[in-house]
Amino acid sequence: MKKLLYQFDTDPLASVFDNVVAHDGGADVVVPYGGITPANVGGLVDGAIFTRAPKDKKLTAIFVGGSDMAAGEALLKAVKKKFFANFRVSVMLDSNGSNTTAAAGVAWLHHAAKGRLAGKRAVILAGTGPVGQRAAVMLAREGVQVAITGRSKEKAQATAKAVAERFKVEVEAIEAADNAARVKAIQGAQIVFATGAAGVQLLDEAAWREHKTLELLADANATPALGIEGIDMMDKMKERHGKLVFGALGFGALKIALHRACIGKLFEQQDLSLDCDEIYAIAKTMVG
Ligand code: NAP
C-alpha cells in the first residue's frame, strides 16, 4: 500500500519545496492543495481518515504549510478537530519551514554551547516571521531569556504576545528598525539569531566584531545580502572574531535532513503530531 501525503497549503499555490522534500522524506504520492483554510479543509480530512483500515491508516498523513504562521496554526487546529477515536492520521505543521529551520538553527546553537544555553540572553533579529517565532519558543524552552526585534513596535509586541500565550513562554519585544537600533538591542546578549526576510541585511560586521558578551551567532537568510554581515552562508560552528557562527547553509543541511526525517516518521504511526516542540526534540537527536 502506498504512503500518501496530503499537502494542505494556506497559500494559493502549494509549496514546491515542501512537495519535493515530502517525496525525498519517503512519501510515495504527495498531493498538493493550495488555498486551504479551516473552512474548506473538513472534507479533505474526512477523505484521509475514513478510507483505510485501522492497520493501514499510518500510511496516510497530512502536512500543513504555507507562508503564514498564524494561518497554518489555525489550519492545523481545524484538521485535528476533525479527528476522533481511531479516525485520525499523523500530521505535521511547518509553515514556511518555520519549525524545521528554527529547530535546526537552535539545535546547532545548543550543540555549540555544549548543552548549556540556560541563563543566556538571545536576541532574535526580525523575529516576527515564522522562523523567528519558532526559534523564540525553542530557545525559551532551553531556559534562555529571549527577545525578538521587529521594525514596528506594534507588530513585535503582538507577535511576542501571541507566542507567549500559545506556548507559555516569556518573550520580550524590541522595536529596532535599523542597524543602530539593532546594535542597541543586542547589548548584553550572548546569542544573536537573525531570522529576517531573504536578502535583507540586519546587522553589520562592526556591530558584533568587538562585541564583549556575544558567544554565538546564526543567520537563517541564505539570499545575499545576508542577514549578518561577516558570516559566510556556509559557516558551521566556525570561529569568527572569537565567537562561534552559523550561516544559513551551514545549518541548512540539518534543516533538510530534519524535514525529511519528520516526513518519514509520519508514516510510522497513525497519531503523530509534529509541531514546534516535537520537531525541536527530533533535531536535537540529529545534530552534530
Ligand atoms: P519572513 O517572514 O519573510 O521575514 C521575517 C521578518 O523579516 C519579517 O517578519 C519582517 O519583520 C522582517 N523584514 C522583512 N522585510 C524587511 C526589511 N526590508 N528590513 C528589515 N526587516 C525586514 O521570514 P521567515 O519565513 O520567518 O524566514 C526567515 C529567514 O529564514 C528567511 O531569510 C528565509 O529565507 C530563511 N529560511 C532559511 C532556511 C534554511 O534552511 N536556512 C529555510 C527556510 C527559510 P518586521 O516587519 O517585524 O520588521
Side-chain angles (χ1 to χ4, degrees), residues 18 21-22 25 61-65 69-70 72-73 76-77 80 90-148 159-160 162-171 190-195 216-220 236-237 244 246 248 250-266 268-269 271-288:
D18 289 340
V21 181
I62 291 172
F63 178 93
V64 175
M69 189 83 250
E73 287 178 337
L76 176 70
K77 200 169 164 192
K80 286 181 163 184
S90 288
V91 58
M92 170 176 177
L93 171 67
D94 202 25
S95 298
N96 243 24
S98 53
N99 284 318
T100 50
T101 306
V106 176
W108 266 116
L109 291 170
H110 183 260
H111 181 79
K114 298 188 168 57
R116 293 191 288 269
L117 285 177
K120 296 187 192 294
R121 174 173 170 78
V123 178
I124 304 176
L125 299 176
T128 52
V131 176
Q133 291 178 43
R134 288 311 206 238
V137 178
M138 292 166 193
L139 284 164
R141 293 274 195 253
E142 294 290 356
V144 173
Q145 189 198 332
V146 179
I148 59 167
T159 306
V163 169
E165 281 175 4
R166 161 129 205 251
F167 291 97
K168 312 289 177 237
V169 294
E170 276 187 37
V171 180
Q190 285 78 38
I191 302 164
V192 165
F193 193 175
T195 59
L216 301 164
L217 294 94
D219 180 11
K236 187 160 89 177
M237 218 159 83
L244 295 178
F246 295 87
F251 73 80
L254 175 59
K255 180 251 154 24
I256 291 283
L258 174 64
H259 191 157
R260 287 180 186 153
C262 289
I263 296 290
K265 284 181 188 296
L266 294 175
E268 290 174 4
Q269 63 190 77
D271 56 358
L272 191 64
S273 176
L274 296 180
D275 194 349
C276 184
D277 290 320
E278 299 81 11
I279 293 173
Y280 180 52
I282 297 168
K284 282 171 78 175
T285 68
M286 296 175 67
V287 68

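- The shortest distance between side-chain heavy atoms of Lys80 and Val64 does not fall below 4.5 Å.
- Residues Asn99 and Asp94 come closest through the heavy atom pair N-OD1, 2.7 Å.
- A distance of 12.5 Å separates CG in Leu274 from CD1 in Ile62, rounded to the nearest 0.5 Å.
- In this structure Thr128 satisfies the side-chain contact (heavy atoms from CB on, under 4.5 Å) test together with Ile148, Lys155, Ala156, Thr159, sequence neighbours excluded.
- The distance from the CD atom of Gln190 to the CG atom of Leu109 is 12.5 Å, given to the nearest 0.5 Å.
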Per-pair distances, 0.1 Å, donor-acceptor, side chain in residues 163-170, under 3.5 Å, sequence neighbours excluded:
from	atom 1	to	atom 2	distance (Å)
Arg166	NH1	Glu73	OE2	2.7
Arg166	NH2	Asp275	OD2	3.2
Lys168	NZ	Glu165	O	2.8

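- Contact annotation: the side chain of Ile282 approaches that of Lys265 to within less than 4.5 Å [non-hydrogen atoms, C-beta and beyond].
- Asp271 pairs by the salt bridge (charged side-chain N to carboxylate O under 4.0 Å, His left out) definition with nothing, not counting sequence neighbours.
- The two atoms that bring Arg121 and Val144 nearest to each other are C-CG1, 4.3 Å, heavy atoms only.
- Taking all atoms of both residues into account, the shortest heavy-atom contact from Ser98 to Pro130 is CB-O, 3.5 Å.
- Closest approach of Ala22 and Ile263 over heavy atoms only: O-CG2, 3.6 Å.
- Residues that satisfy the ring pair (Phe, Tyr, Trp, His ring centres under 6.0 Å) test with His111, not counting sequence neighbours, are Trp108.
- For residues 96-110, the set of pairs meeting the salt bridge (Lys or Arg N to Asp or Glu O under 4.0 Å) definition, not counting sequence neighbours, is empty.
- In this structure Glu142 satisfies the salt bridge (charged side-chain N to carboxylate O under 4.0 Å, His left out) test together with Lys284, sequence neighbours excluded.
- Nearest heavy atoms, Ala136 versus Val171: CB-CG2, 4.3 Å.
- For Lys120, the side chain to side chain donor-acceptor pair (under 3.5 Å) criterion is met by Glu215, not counting sequence neighbours.
- Residues that satisfy the side-chain contact (heavy atoms from CB on, under 4.5 Å) test with Ala248, not counting sequence neighbours, are Ala222.
- With sequence neighbours left out, Lys236 forms a salt bridge (charged side-chain N to carboxylate O under 4.0 Å, His left out) with no residue at all.
- Residues Leu117 and Leu216 are in side-chain contact: their nearest non-hydrogen atoms beyond the backbone lie under 4.5 Å apart.
- Every side-chain contact (heavy atoms from CB on, under 4.5 Å) that Ala104 has, sequence neighbours left out, goes to Phe251, Leu254, Lys255.
- Checking side-chain atoms of Ser90 against main-chain N and O of Gln269 turns up a donor-acceptor pair under 3.5 Å.
- Asp219 contributes atom CG, which lies 12.5 Å from atom CZ of Phe246 (distance to the nearest 0.5 angstrom).
- Considering NE2 of His259 and CG of Asp18, their distance stands at 5.0 Å, rounded to 0.5 Å.
- Between Gly72 and Ser95, the closest heavy-atom pair is CA-OG, 3.5 Å.
- Ile191 contributes atom CD1, which lies 11.5 Å from atom CG of Leu244 (distance to the nearest 0.5 angstrom).
- Using a 4.5 Å heavy-atom threshold, the side chains of Met138 and Phe193 count as separate.
- Annotation: side chain to side chain donor-acceptor pair (under 3.5 Å) contacts of Thr195 (sequence neighbours excluded): none.
- Here Arg260 pairs with nothing under the side chain to side chain donor-acceptor pair (under 3.5 Å) rule; sequence neighbours left out.
- Taking 4.5 Å as the limit, some side-chain heavy atom of Met92 sits within range of a side-chain heavy atom of Thr100.
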